[in-house]
Structure formats: C-alpha cells, structure tokens
Amino acid sequence: KNDETIRLFQIGLQSLYLTEAERAEKEADLTAQKEKDKNTQENFLLGTLGVIGVALVGILLYVIVGKMNLYVWAIPVLLSAISYTVYKRLGKKLTVKAIVMILIVLSIALAAATVLEYGWRIYDAVNEGPDIEHIGFFDVLKETPELIITEPDIAKLVKRDLLVNGGILILASIITIVSAYRQEVRFIKIKRLD
C-alpha cells in the first residue's frame, strides 16, 4: 500500500520496498528472532557428529572422483558448503568454536582422502602385471603413508594435491563462513538504502 512512506531497505541479503509500517513490523519480527537466537543453546556435539558424517561421505567422494581422474578440487568446495549447512541445522547456531572445528574436521578428511586415493592408485600399479603376486589393498594402504614420505615422485604429487585442494578448502570455507555469518539472525540489520 503506497502511503507515501515507501523506501528501499536492506534486510540481511534481501532488498525490499517497505512502507514505514511494514518496516516497523519487520523490525519487531527481527528483534523477536534475535531474542530467540540469543536464547538458543548451541548443540556442539550433534553439530560435530553431523560434520563428521559429511566428512566421511566426502572422503568416499574424493577417492572415487580422484580415481576417475576428474576434478577433485570440487569436493572441498562442496564439503565446505554442506558442512556449514549441516552444522547450522543440527547445532542450531554457528559460532567461532564451530567454525574452527569444521575446518579441522575437513582438513583431516582431506588428508585421509588423499592417502586413500594414492593408496588405491599404488594398489592398482602394484597389482598391474599378470605374473605378479597379488597384494591386498589394506596391505598397500598400510604402506602408503611411508611411500608418500619416502618416494620423491609420489611425495611431489601428494604435496601438490594437498596444497591445491587445501587452498581451495580454505578459500571455500572463508567464502562460506562470510556468507553463513551474514545469514545468522544475530548479525542481520535493517538499513535504509535510499
């Protein structure tokens, strides 16, 4: 209803044309949401378990996509976005403690996925010839960390993968953190734009 008080406002990521009465209504709703958020207890344990579940699925995805010689760098981006969403849903609110935990869990998952992927590649290479005695996957996997450290060619590839995928994970996490924090109700403000 145009009552001559229509102005453009920004509420979080939204831009809306509101009358003065509608702005006051939105302000009251936002205040109520902020109060509710303030009284909401973070469920760190449940949120952490959700992120660990996402990380385990991510490890499998990373290994499968890497084995298919596709773009594994997309996995850290996907994991970052999904982890923050899952934590927000299960943990109820996003805090600095949660952000640090998510980065640690995703970093560990990335390292584990890299070792698994290279373990699988080494397993395939070792068992390639028909006249070679078959070596079990778990036997190869046990030796993979040592091979990564001692074999210069493998170490170079692993370092490159970890640097690229780790950098992408950090960049994606920063973008996701900024986006997620902007959407947290405790940081939303109503600003007049015109």
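Side chains included, hydrogens not; waters and symmetry mates left out as well; all remaining heavy atoms used. All values derive from a computational prediction rather than experimental measurement.
- Using a 4.5 Å cut-off on side-chain heavy atoms (C-beta onward), Y62 and W73 make no contact.
- Within the 4.5 Å cutoff, no side-chain heavy atoms of D161 are placed close to those of V72.
- Across all non-hydrogen atoms, the minimal contact from T144 to G119 is OG1-CA, 3.3 Å.
- Taking the side chain as every heavy atom from C-beta outward, V158 and T114 approach each other to under 4.5 Å.
- Interatomic distance, T95 OG1 to E42 CD, rounded to the nearest 0.5 Å: 3.5 Å.
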Between L30 and V185, does a side-chain contact (heavy atoms from CB on, under 4.5 Å) hold up when you go through it step by step? CA-CA 8 Å; L30 186 57; V185 74; 3.9 Å; yes
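- Panel note: side chain S107, backbone L103; a donor-acceptor pair is recorded below 3.5 Å.
- Note on E22 versus K26: no salt bridge recorded, every NZ/NE/NH1/NH2 to OD/OE distance being 4.0 Å or above.
- Listed here is the closest heavy atom pair of G50 and L90: CA-CD1, 3.7 Å.
- Taken to the nearest 0.5 Å, the CD atom of E151 stands 11.5 Å off from the CD atom of E143.
- Counting non-hydrogen atoms of other residues, nucleotides and ligands closer than 6.0 Å to NZ of K67 gives a total above 12.
- Looking at Y17 and F9, their side chains never come closer than 4.5 Å, going by heavy atoms from C-beta outward.
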Given L110 and I59, is the side-chain contact (heavy atoms from CB on, under 4.5 Å) satisfied, shown in steps? CA-CA 7 Å; L110 180 64; I59 289 170; over 6 Å; no
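- Following chains of ILVMFWY side-chain contacts shorter than 4.5 Å, one cannot reach I149 starting from V140, and the two form parts of different hydrophobic clusters.
- For the pair R23 (side chain) and R7 (backbone), a donor-acceptor distance under 3.5 Å is absent.
- The heavy-atom pair separating P76 from A172 by the smallest distance is O-CB, 4.5 Å.
- Counting only heavy atoms from C-beta outward, the side chains of L141 and W120 never approach each other to under 4.5 Å.
- Cluster membership for F137 and I64, using ILVMFWY side-chain heavy atoms within less than 4.5 angstrom, is shared.
- When side chains are defined from C-beta on, I11 counts as touching L18, because their heavy atoms get closer than 4.5 Å.
- At most 12 non-hydrogen atoms from other residues, nucleotides or ligands lie less than 6.0 angstrom from CZ of R89.
- Using a 4.5 Å heavy-atom threshold, the side chains of R160 and L157 count as touching.
- Interatomic distance, OH of Y87 versus NZ of K93, reported as 10.0 Å (0.5 Å rounding).
- In the hydrophobic cluster analysis, where Ile, Leu, Val, Met, Phe, Trp and Tyr join through side-chain heavy atoms closer than 4.5 angstrom, I75 is grouped apart from L171.
- The distance from atom CD1 of I177 to atom CD1 of I102, rounded to the nearest 0.5 Å, is 8.0 Å.
- Under the 3.5 Å distance criterion, the side-chain polar atoms of T85 are matched with a main-chain donor or acceptor of A81.
- Side-chain contact check for S173 versus Y84: some heavy-atom pair is nearer than 4.5 Å.
- Judged purely by atom type and a 3.5 angstrom limit, N43 has no side-chain atom pairing as donor or acceptor with the backbone of K92.
- Rounding to the nearest 0.5 Å gives a distance of 6.0 Å between CG of L106 and CG of L79.
- Note: the hydrophobic cluster containing L70 also contains Y118 (ILVMFWY, side chain heavy atoms under 4.5 Å, direct or indirect links).
- One finds the OG atom of S15 at 5.5 Å from the CG atom of L8 (value rounded to the nearest 0.5 Å).
- Between the side chains of D139 and Y123, no donor-acceptor pair is found at a separation under 3.5 Å.
- Tracing side-chain contacts under 4.5 Å through hydrophobic residues (I, L, V, M, F, W, Y), one reaches F138 starting from V126; they form part of the same cluster.
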